[in-house]
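Take a look at the structure below.
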Amino acid sequence: MKPRLFNPYTLLPRLGHPAPMFEIQSSQGLIKLSDYKGKWVLLFSYPADFTPVCTTELKAFASVYPSLKKLNTELIGVSVDNVVEHRNWIKILEEEGKFPIQFPILADLNLEVSNRYGLLPNENTEEASRSVYIIDPAQIIRAIMHYPATTGRNTGELLRLIKALQVADSQKAMTPVNWQPGDELIYPGSYHTCKR
Ligand code: BEZ
């Protein structure tokens with residue numbers, strides 16, 4: 001077998017590993033991941049501006065942004081479109097929708113973020129995957145999701161996931177299936193949920 005010069009899969013970020021750094025132009029100017037130290041970050045990628053499913057997602061992300069801020073969590077979007085396209089799309093979304101887009105969308109034209117986060121190649125297209133990386137305040141990757149282009153994500157589940165990670169950290173506990181904020185937790189050494 002011929003040796004490969006480059007295998008993108010060996011470089012993919014893993015849970016518990018440091019988030020790959022980036023410094024890149026966005027709809028809100030230059031964004032450096034290192035500036036987000038001390039906050040949780042929900043980095044989400046999507047295939048393309050001005051597409052139907054992505055439009056529903058951007059509006060939904062804008063609607064949960066105030067709830068995320070209360071959880072010390074920042075949103076960063078990313079696609080391989082350019083800044084002008086991002087700003088034109090955002091203008092339309094804000095005219096149509098109820099919520100301003102107050103978070104940056106990275107313009108990953110040189111594929112800096114896409115390559116580091118394994119967003120491309122994707123489903124035989126040149127568009128980024130519909131992925132989510134949850135990065136903790138120490139800039140460690142704590143959760144990863146990859147969705148197909150045809151399926152919009154569930155912002156309620158993303159909120160629940162961030163709350164579950166935060167509770168697990170603060171209570172040194174785990175969250176059972178279908179856990180919702182306020183439900184009982186599972187503590188190390190136990191098979192059952194309990195209140196403490
Ligand atoms: C969409 O957002 O509607 C979409 C984008 C790329 C491929 C399929 C659907």
Side-chain angles (χ1 to χ4, degrees), residues 6-9 11-15 19-20 22-31 33 36 40-69 71 73-135 141-163:
F6 177 64
N7 177 354
Y9 303 106
L11 299 174
L12 288 179
R14 302 280 199 277
L15 296 182
F22 52 78
E23 183 171 341
I24 176 175
Q25 287 298 334
S26 80
S27 55
Q28 296 184 353
L30 191 68
I31 296 291
L33 183 62
Y36 286 76
W40 290 78
V41 172
L42 194 164
L43 175 69
F44 69 96
S45 60
Y46 60 88
D49 294 348
F50 301 103
T51 52
V53 178
C54 300
T55 293
T56 64
E57 287 195 322
L58 257 286
K59 288 178 182 173
F61 279 121
S63 76
V64 294
Y65 187 53
S67 304
L68 289 168
K69 298 269 287 183
L71 298 171
T73 304
E74 285 298 328
L75 269 178
I76 304 177
V78 57
S79 80
V80 299
D81 302 291
N82 65 43
V83 166
V84 173
E85 287 166 325
H86 283 339
R87 289 186 181 155
N88 288 341
W89 189 40
I90 285 170
K91 195 162 168 261
I92 292 170
L93 294 173
E94 289 184 338
E95 280 164 9
E96 284 177 6
K98 293 191 201 102
F99 298 92
I101 311 290
Q102 290 175 316
F103 48 88
I105 303 180
L106 309 180
D108 193 28
L109 292 178
N110 65 6
L111 310 186
E112 177 187 335
V113 176
S114 295
N115 280 329
R116 289 189 188 162
Y117 282 83
L119 310 176
L120 278 168
N122 172 51
E123 293 182 303
N124 303 316
T125 72
E126 291 180 359
E127 297 168 335
S129 55
R130 217 179 275 293
S131 300
V132 171
Y133 282 84
I134 294 180
I135 300 167
I141 294 178
R142 300 294 297 278
I144 302 173
M145 289 178 177
H146 297 294
Y147 269 45
T150 50
T151 307
R153 286 158 285 199
N154 184 318
T155 51
E157 169 58 10
L158 293 173
L159 271 174
R160 188 192 78 97
L161 176 55
I162 289 169
K163 286 178 186 171

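Please read these numbers as outputs of a predicted model, since none were measured by experiment. Read the numbers this way: they start at 1 and go in the same order the structure lists the ligands and their atoms. Residues: numbered from 1 along the sequence shown. All heavy atoms count here, side chains included; hydrogens, waters and symmetry mates do not.
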*Heavy-atom contacts with C54 under 4.0 Å: which atoms of ligand 1 show up? List them by number with element.*
1 (C), 2 (O)
*Atom CD1 in I134, atom CG in L42: separation rounded to 0.5 Å?*
5.0 Å
_With respect to T150, determine whether any N or O atom, backbone or side chain, lies less than 3.5 Å from an N or O atom of ligand 1._
no
*State the atoms of ligand 1, each with its element, that fall below the 4.0 Å cut-off from a heavy-atom position in E127.*
6 (C)
*Below 4.0 angstrom from a heavy atom of A149, which ligand 1 atoms are there? Numbered from 1 as shown, please.*
7 (C), 8 (C), 9 (C)
_Working to the nearest 0.5 angstrom, can you tell me the gap between I76 CD1 and F22 CZ?_
4.5 Å
*Could you tell me the residue and atom name of the protein heavy atom closest to atom 4 (C) of ligand 1, and the distance to it rounded to 0.1 Å?*
R130 NH2, 3.7 Å
*What's the verdict on side-chain contact (heavy atoms from CB on, under 4.5 Å) for W40 and R142, showing C-alpha distance, side-chain angles and the deciding distance?*
CA-CA 10 Å; W40 290 78; R142 300 294 297 278; 3.8 Å; yes
*Kindly indicate whether the side chain of D81, heavy atoms from C-beta on, has any atom under 4.5 Å from the side chain of W89.*
no
*Quick one: does F99's side chain get under 4.5 Å of Y65's, heavy atoms only?*
no
*Residue P47 vicinity, atoms of ligand 1 by number, heavy atom under 4.0 Å*: 5 (C), 6 (C)
*Go through ligand 1 atom by atom and flag the ones less than 4.0 Å from a non-hydrogen atom of V53.*
1 (C), 2 (O), 3 (O)
*About how many Å separate OG1 of T73 and NZ of K163, when rounded to the nearest 0.5 Å?*
10.0 Å
